[in-house]
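Some notes on the structure that comes next.
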Amino acid sequence: MKKDLVLGGLVLLSLWLISGIQAVKRFQDVRFHGKQSNDQGHHSQIRGWSPDRNTWDEQLYPAWKAGDARWENCWRGGKVEALLTSDSPALIGSNITFAVTLRFPRCQKENDDGDIIYDRKCRNDSFSYQDQYVYNWTKWVDDCNEGNCTFLNKFPDGRPFPHHPDWRRRNFVYIFQTLGQYYALSGRSSAVLSINTTNITAGTQMMEVSVYRRDHRRHYPVAKASAMYIVTEQIPLYVNISQKNDRNSSDKIFIKDSPITFDVKLHDPSHYLAKAAVSFNWTFGDGSGSFVSNNPLSSHTYTLLGNFSLNLTVKAAIPGPCKPVTPTTFIPTTYTSSTTTAPVTSNSTGNSTDLPFTETAFVTTEGSNVTTAPTTETTTHIQTTPAAGCFIDRYGYYKANIRIVDGILEVNIVEMTNVSPSEAQNAFIDFVVACQGSIPTDACTIISDSTCTIPQNEVCDEVVTTDECLVTLRRAFTGPGTYCVNITLGDDASLALASTLVSVSEGE
């Protein structure tokens, strides 16, 4: 009997311990989308973040799963949406910034005090505003100053809210979670958070944010959001390709014998590459060789027709701390000639090392004095000058295929003749337009006021095909005055413009 009582007590104690263990919630348990596959395994510590194995105070911060009915009544007057964005992709080592913006139900907004009020300028016939406030946190804080304070100013892990000069207006709590870690902060209806990506694995990751509104004895969830972000080892970039007289740059068709401009834009919102030495190595695919520059803006003129492949390699040498260097052990080498080679150093950390001139000592050992054997010498390389600095090398790549065709290179108005009949009410002028390059297929004329800002008339005609690029256009002018005339000649690939001012006098 006594033995049965002891066993029964042990069973009850075990059940109590198990239920107690199950009752403890951790940050990893309250993720909206559950534990992600990229959270598996070990991740390096993000500076300032905490592991999501820490306990979560569910009494103070209730955690609701997706589909829980309590989400329907967590906010007065409707639902709050959280919009989470980032400036991804981010190069490893740079900072990535996340921004959360709360979108309140219709006719609600945040005022200057951080309270949520009804916007009386917003028309909502189905609702009468009995009170100005949706949530009046300012009144609660005033009550707190009178000794009736019931605010619990701490995060789910028990850490107290940091003191901010505008703490009265920070009525929302944001908990960010990624890679098995979390970061909590208080704020208003929007929040911005930047993290460094040095310890983040390259690839696509997910960031989640949970938003809570402050209340008297506990804080209630109002919205959750998630967004993918990318950390990459390659420099994010895009290239804007443009050309004068090109009709449509997006079709990757450009004109022969006209310079094409390549403008490289590095995506570096955190200015991580501001102090880096950046070079741009272009090959244009037409046999002209490679072009290396430190200017992101370059141009190239194709003199041949056809299809060409562009290739760009961007290299950034980023100043970084010099980690311990493991020098390469040089094995004495026997040469059959007296030619020596420059020493080479290696770095086990992956840093590149900017080496100045290296002094070399030579130790020569004569071989056997036999006429059939060559003289040998053993060369030992000794580096006596230290490295000047250490850099982290990062690369970015761009590739595109373009087509080069004939096009209209230039347009000029070479003659203007008044051909108005004496009895005509309008003035008629013939414009003779010459061009260089291909023969145009269409011509358009826009007649505007003297400032060339207010169009008054537009006429477009097909151009009769001829052997030479010489077009005559007759245009009418409704009355005396000064007019701005823009004439464009175009074909499938190009569009060229010529402009002039025309003065029409009374009776002429």
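Along the sequence shown, residues are numbered consecutively beginning with 1.
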Self-check item: Any Val239 side-chain heavy atom under 4.5 Å of Leu312 side chain
Solution: yes

Quiz item: Is there side-chain contact between Leu91 and Pro236, with at least one heavy-atom pair below 4.5 Å?
Solution: yes

Practice problem: Would you please test Ile235 and Leu266 for side chain to side chain contact (heavy atoms under 4.5 Å, CB included) and show each step? | Solution: CA-CA 7 Å; Ile235 302 171; Leu266 304 183; 4.0 Å; yes

Would [X] and [Y] pass as an ion pair if we require N to O under 4.0 Å?
| X | Y | value |
| --- | --- | --- |
| Asp112 | Arg188 | no |
| Asp166 | Arg168 | no |
| Asp113 | Arg170 | no |

If you look at every heavy atom in [X] and [Y], which pair is closest and at what distance?
| X | Y | value |
| --- | --- | --- |
| Ser290 | Asn281 | CB-OD1, 3.5 Å |
| Cys469 | Ile439 | N-CD1, 3.7 Å |
| Ala316 | Leu273 | CB-CD2, 4.1 Å |

Quiz item: Going through the checks in order, is the salt bridge (Lys or Arg N to Asp or Glu O under 4.0 Å) test met by Asp246 and Lys244?
Solution: CA-CA 6 Å; Asp246 179 43; Lys244 181 182 177 181; over 6 Å; no

Quiz item: Between Ser210 and Glu208, is any side-chain donor less than 3.5 angstrom from a side-chain acceptor?
Solution: no

Practice problem: Would you please indicate if the ring centroids of Phe280 and Tyr398 are separated by under 6.0 Å? | Solution: no

Quiz item: For the residue pair Phe477 and Phe428, is the inter-centroid distance of their aromatic rings smaller than 6.0 Å?
Solution: no

Quiz item: For Arg247 and Ser494, what are the C-alpha separation, side-chain angles and deciding distance, and is it a side-chain hydrogen bond (donor to acceptor under 3.5 Å, both in side chains)?
Solution: CA-CA 4 Å; Arg247 191 157 197 162; Ser494 57; over 6 Å; no

Quiz prompt | Arg403 charged N/C atom sitting above Phe308 aromatic ring, 6.0 Å / 45° | solution = no

